[in-house]
Amino acid sequence: QVQLVESGGGLVQAGGSLRLSCAASGRTLTTYAVGWFRQAPGKEREFVAAINRGGTRTTYTDSVKGRFTIARLNAPNTVYLQMNSLKPEDTAVYSCAAKPTAFSRDYYYRADEYNYWGQGTQVTVSS
């Protein structure tokens with residue numbers, strides 16, 4: 001069982017930056033692929049970014065490419081989402097999810113592929 005806790009959300013002006021963290025309690029995330037998703041009011045949850053267990057492969061939805069970066073850095077139980085050049089349309093609850101994976105190259109786009117979820121953190125971007 002993996003418990004995930006997101007942090008780092010908040011209110012920021014358009015053009016600003018935030019760094020979200022997804023921390024696993026009780027174990028490391030080194031054998032898990034991790035994804036970030038977001039859900040805005042009245043909208044469906046959407047994929048944002050994902051990283052493989054080795055931290056060597058990443059993928060992003062088109063709307064955040066060049067602005068967001070998902071990374072593991074040197075923290076074995078934490079995955080980060082650096083968000084730059086934020087726009088009002090990035091406003092949403094951001095959640096991280098983890099999936100145990102035997103193959104280091106794999107990452108996942110679909111929410112139903114992930115086994116564990118955090119509660120989410122609110123990101124609000126004002127215009």
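This chain uses plain numbering: 1 for the first residue, then up along the sequence.
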**OP:** Quick one: do D90 and R38 satisfy salt bridge (Lys or Arg N to Asp or Glu O under 4.0 Å)? Show the steps, please.
**Re:** CA-CA 9 Å; D90 293 320; R38 66 186 180 186; 2.9 Å; yes

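- Ring centroid separation for the pair F47 and Y108 does not come in under the 6.0 Å cut-off.
- Remark: the backbone N or O of A75 is not paired with any side-chain donor or acceptor of T78 at under 3.5 angstrom.
- A donor-acceptor distance shorter than 3.5 angstrom exists from the side chain of T121 to the backbone of G9, with no hydrogens or angles considered.
- When atom types are taken as modelled, the side chain of T91 and the backbone of V125 share a donor-acceptor pair closer than 3.5 angstrom.
- Legend: ring-ring contact (aromatic ring centres under 6.0 Å, His included) pairs involving residues 53-91, not counting sequence neighbours: none detected.
- L81 is connected to L18 through a chain of hydrophobic side-chain contacts under 4.5 Å among Ile, Leu, Val, Met, Phe, Trp and Tyr, so both are in one cluster.
- A cation-pi arrangement, defined by a distance under 6.0 Å to the six-membered ring centre and an angle within 45 degrees of its axis, is present between R45 and W117.
- Not a single ring pair (Phe, Tyr, Trp, His ring centres under 6.0 Å) links Y32 to another residue, sequence neighbours left out.
- Hydrophobic cluster membership is shared by V64 and M83, with clusters built from Ile, Leu, Val, Met, Phe, Trp and Tyr side chains linked at under 4.5 angstrom.
- Atom CD of Q3 has 12 or fewer neighbouring heavy atoms from other residues, nucleotides or ligands inside a 6.0 Å radius.
- Side-chain N/O atoms of Y109 and T59 include a donor and acceptor closer than 3.5 Å.
- Linking Ile, Leu, Val, Met, Phe, Trp and Tyr whenever their side-chain heavy atoms come within less than 4.5 Å puts Y116 and I51 in one cluster.
- The backbone N or O of T101 sits less than 3.5 Å from a side-chain atom of R53, completing a donor-acceptor pair.
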Original post:
What's the verdict on side-chain contact (heavy atoms from CB on, under 4.5 Å) for S95 and E6, showing C-alpha distance, side-chain angles and the deciding distance?
Top reply: CA-CA 7 Å; S95 300; E6 301 93 340; 3.7 Å; yes

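- At distances below 3.5 Å, not a single donor-acceptor pair connects side-chain atoms of N77 with backbone N or O atoms of A23.
- Linking ILVMFWY side-chain heavy atoms closer than 4.5 Å, directly or via other members, places V123 and F37 in two distinct hydrophobic clusters.
- Checking side-chain atoms of Q82 against main-chain N and O of T69 turns up no donor-acceptor pair under 3.5 Å.
- For the side chain to side chain contact (heavy atoms under 4.5 Å, CB included) criterion with V79, the lone passing option out of L20, L29, L4 is L29.
- Judged by distance alone, with hydrogens and angles left aside, the side-chain atoms of N84 form no donor-acceptor pair with the main-chain N or O of S17 at under 3.5 Å.
- Cluster annotation: Y94 is connected to I70 through the hydrophobic network of ILVMFWY side chains, with a link wherever side-chain heavy atoms come within less than 4.5 Å.
- The local environment of CZ in R57 is crowded, with over 12 non-hydrogen atoms from other residues, nucleotides or ligands closer than 6.0 Å.
- Under the 3.5 Å distance criterion, the side-chain polar atoms of Q39 are left unmatched by any main-chain donor or acceptor of A92.
- Considering only heavy atoms from C-beta on, V5 stays 4.5 Å or farther from Q119 through its side chain.
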